[in-house]
Each structure stands twice: as structure tokens, then as C-alpha cells.
There are 2 protein chains.
Amino acid sequence: MKNNIRVERAIINITQEELANRIAVSRQTINAMEANKYVPSTILALKIAKVFGKKVEDIFILEKHD
Amino acid sequence: MKNNIRVERAIINITQEELANRIAVSRQTINAMEANKYVPSTILALKIAKVFGKKVEDIFILEKHD
DNA sequence: TATGAATGTAAAGTATATTTTACATAATGA
DNA sequence: TCATTATGTAAAATATACTTTACATTCATA
């Protein structure tokens, strides 16, 4: 699975830390997500999509091997 | 967070085991999700929504305390 | 009533998400 | 140049997702 967090973050111009604060996780969690270091929980996916005003499917994209 | 898995499953008339097979998890994982025993990963949420032909937001709903 | 299919549940084990702390680096502006 | 802000990264600790095995229960139906 890949994601567009970095791009969406750029669109609304917020830092990793701001996004982290808005969804109540650590900044490292955001950084690791953007680096595809792990798969976030559905709660985080819903919150992130909400911050960006988009659907989860618009931010997180399944890949063949998933 | 709550979810509509049981209802969506009833709509397309498949068992927990069939859903489990389709998204490649154990039947107990589906059962536990329906019982809100844990929060699934975003990969599973995306796969489940896909099986039901809906958006993640239509199946998984954030609650106040999330 | 007996049988099978679907579901509920529990315990133990493994994998992985997330936090915390800490430090390093890059970029920007005073 | 110096200070600040944003980002990358890593290790250790903790929480939780998910599997496997196993058994119990419910429900429909022969």
C-alpha cells in the first residue's frame, strides 16, 4: 500500500508536526507513514483523510501484492 | 470506531469465513472486527470496502472518543 | 432428534503499529 | 554565520493486530 500524505500535506501547506498534532499521533508516526515504514490503523486513515477533506481511498492506495 | 461489516455482509449474503477468504485473513479476525474487538489496519479496511463495493468511510465510522 | 453450517469465544504466540527520546541533517531567514 | 524550523532516522519499549488451535453455541433443516 502506498499513500499521498506528503502531497496532500503540501496542498494544504502543513508540516508533519502539524498533521501529527491534528490527529494526535507523534511526528515520527507521520514521518514513518510517508516513508511507507508501516501500515497505519483504520482510525488514523480516517482521521488523515478527514484532515485533507478526501476519502480514505484517495489517500491510501492498495498495491498488487497487498 | 464502529463498522457495518455485518450488515454489508448480510446484503451480499456471505459468511464470515467467505469474507475472511476473500481478503486473506482468518475467520476469527472477521469475527473480532464485527465484535469491535480491535481496529483493523488500513489495508484490511480498503480490502473490505472493496469487497462490498463501497468507500472505507461507508463501512468504518469514527466516534467522538476516537 | 440429529446433523451440519455459521458464529462466538478464548488462550497463546507472532508480527507489527505507535511512542518516546535522542540525535543528525537540510533549508531558510536574520 | 547563526539560529530556527522541518525533516530523517534509530533504538527501546509498549500496545495491539492477527493467526492458530480448539471448543462451545445457535440455528436451520433433513
Side-chain angles (χ1 to χ4, degrees):
Chain A
M1 191 188 67
K2 58 179 180 154
N3 70 76
N4 297 330
I5 296 175
R6 188 174 304 243
V7 172
E8 295 294 335
R9 206 161 50 70
I11 292 175
I12 66 173
N13 193 34
I14 62 175
T15 67
Q16 291 181 344
E17 190 159 24
E18 279 180 31
L19 178 56
N21 291 338
R22 291 213 205 170
I23 68 174
V25 295
S26 70
R27 177 181 67 82
Q28 285 76 355
T29 295
I30 301 298
N31 188 284
M33 276 187 214
E34 292 190 0
N36 287 308
K37 292 261 180 67
Y38 63 76
V39 176
S41 73
T42 299
I43 288 188
L44 294 192
L46 287 169
K47 288 183 176 178
I48 290 172
K50 196 175 180 183
V51 166
F52 295 142
K54 305 224 167 147
K55 295 290 185 183
V56 170
E57 280 85 352
D58 297 325
I59 315 288
F60 298 93
I61 298 100
L62 281 177
E63 293 175 302
K64 304 84 204 154
H65 61 278
D66 287 327
Chain B
M1 192 188 67
K2 57 180 181 154
N3 69 76
N4 297 330
I5 296 175
R6 188 174 305 242
V7 172
E8 294 295 335
R9 206 162 49 69
I11 292 174
I12 66 173
N13 194 34
I14 61 175
T15 67
Q16 291 181 343
E17 190 159 25
E18 280 180 30
L19 177 56
N21 291 338
R22 292 213 205 170
I23 68 175
V25 295
S26 70
R27 176 181 67 81
Q28 285 76 355
T29 294
I30 301 297
N31 188 284
M33 276 187 213
E34 292 190 0
N36 287 308
K37 293 260 180 69
Y38 64 75
V39 176
S41 72
T42 300
I43 287 188
L44 294 192
L46 287 168
K47 287 183 177 179
I48 290 172
K50 195 174 180 184
V51 166
F52 295 142
K54 305 223 168 149
K55 295 290 184 182
V56 170
E57 279 85 352
D58 297 326
I59 315 289
F60 298 92
I61 299 100
L62 281 177
E63 292 174 301
K64 305 86 203 153
H65 60 278
D66 287 328

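Numbered from 1 within each chain, the chains take letters A, B, ... in sequence-line order. Scope of the values below: all heavy atoms of this structure, side chains included, with no hydrogens, waters or symmetry mates.
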Between dA5(C) (P) and R9(B) (CZ): distance, integer Å: 17 Å
Donor-acceptor pair, S41(A) side chain versus S41(B) backbone, under 3.5 Å? no
For R6(B), enumerate each residue passing the side-chain hydrogen bond (donor to acceptor under 3.5 Å, both in side chains) test, keeping only those at least two apart in sequence or located in another chain. E34(B)
Separation of dT19(C) atom C1' from I43(A) atom CD1, nearest Å, is 16 Å
Distance in angstrom units between N31(A) CG and dT9(D) C1', rounded: 8 Å
Mind calculating the distance between CD1 (I14(A)) and P (dT5(D)) to the nearest angstrom? 18 Å
Check the interface with nucleotides 13-19 of chain D: list each N/O to N/O pair with the protein under 3.5 Å, or write none.
from    : atom 1 : to     : atom 2 : distance (Å)
dA17(D) : OP1    : V39(B) : N      : 3.1
dA17(D) : O5'    : V39(B) : O      : 3.3
dC18(D) : OP1    : S41(B) : N      : 3.4
dC18(D) : OP1    : S41(B) : OG     : 3.1
dT19(D) : OP2    : S26(B) : N      : 2.9
dT19(D) : OP2    : S26(B) : OG     : 3.1
dT19(D) : OP2    : T29(B) : OG1    : 2.3

Between CE of M1(A) and C1' of dT16(C) the distance, given in whole Å, is 13 Å
Separation of dT20(D) C1' from E17(B) CD (nearest whole Å): 14 Å
Do the side-chain N or O atoms of R6(B) get closer than 4.0 angstrom to the phosphate oxygens (OP1, OP2) of dA6(C)? no
Taken to the nearest whole Å, CD1/I30(B) to P/dG8(C) is 12 Å
Polar atom pairs (N or O), protein with nucleotides 28-30 of chain C, under 3.5 Å:
none

Backbone N/O of M33(B) and side chain of N3(B): donor-acceptor pair under 3.5 Å: yes
For atom CG of N13(B) and atom P of dA28(D), their distance in whole Å: 14 Å
OP1, OP2 of dG8(C) versus side-chain N and O of Q16(B): anything below 4.0 Å? yes
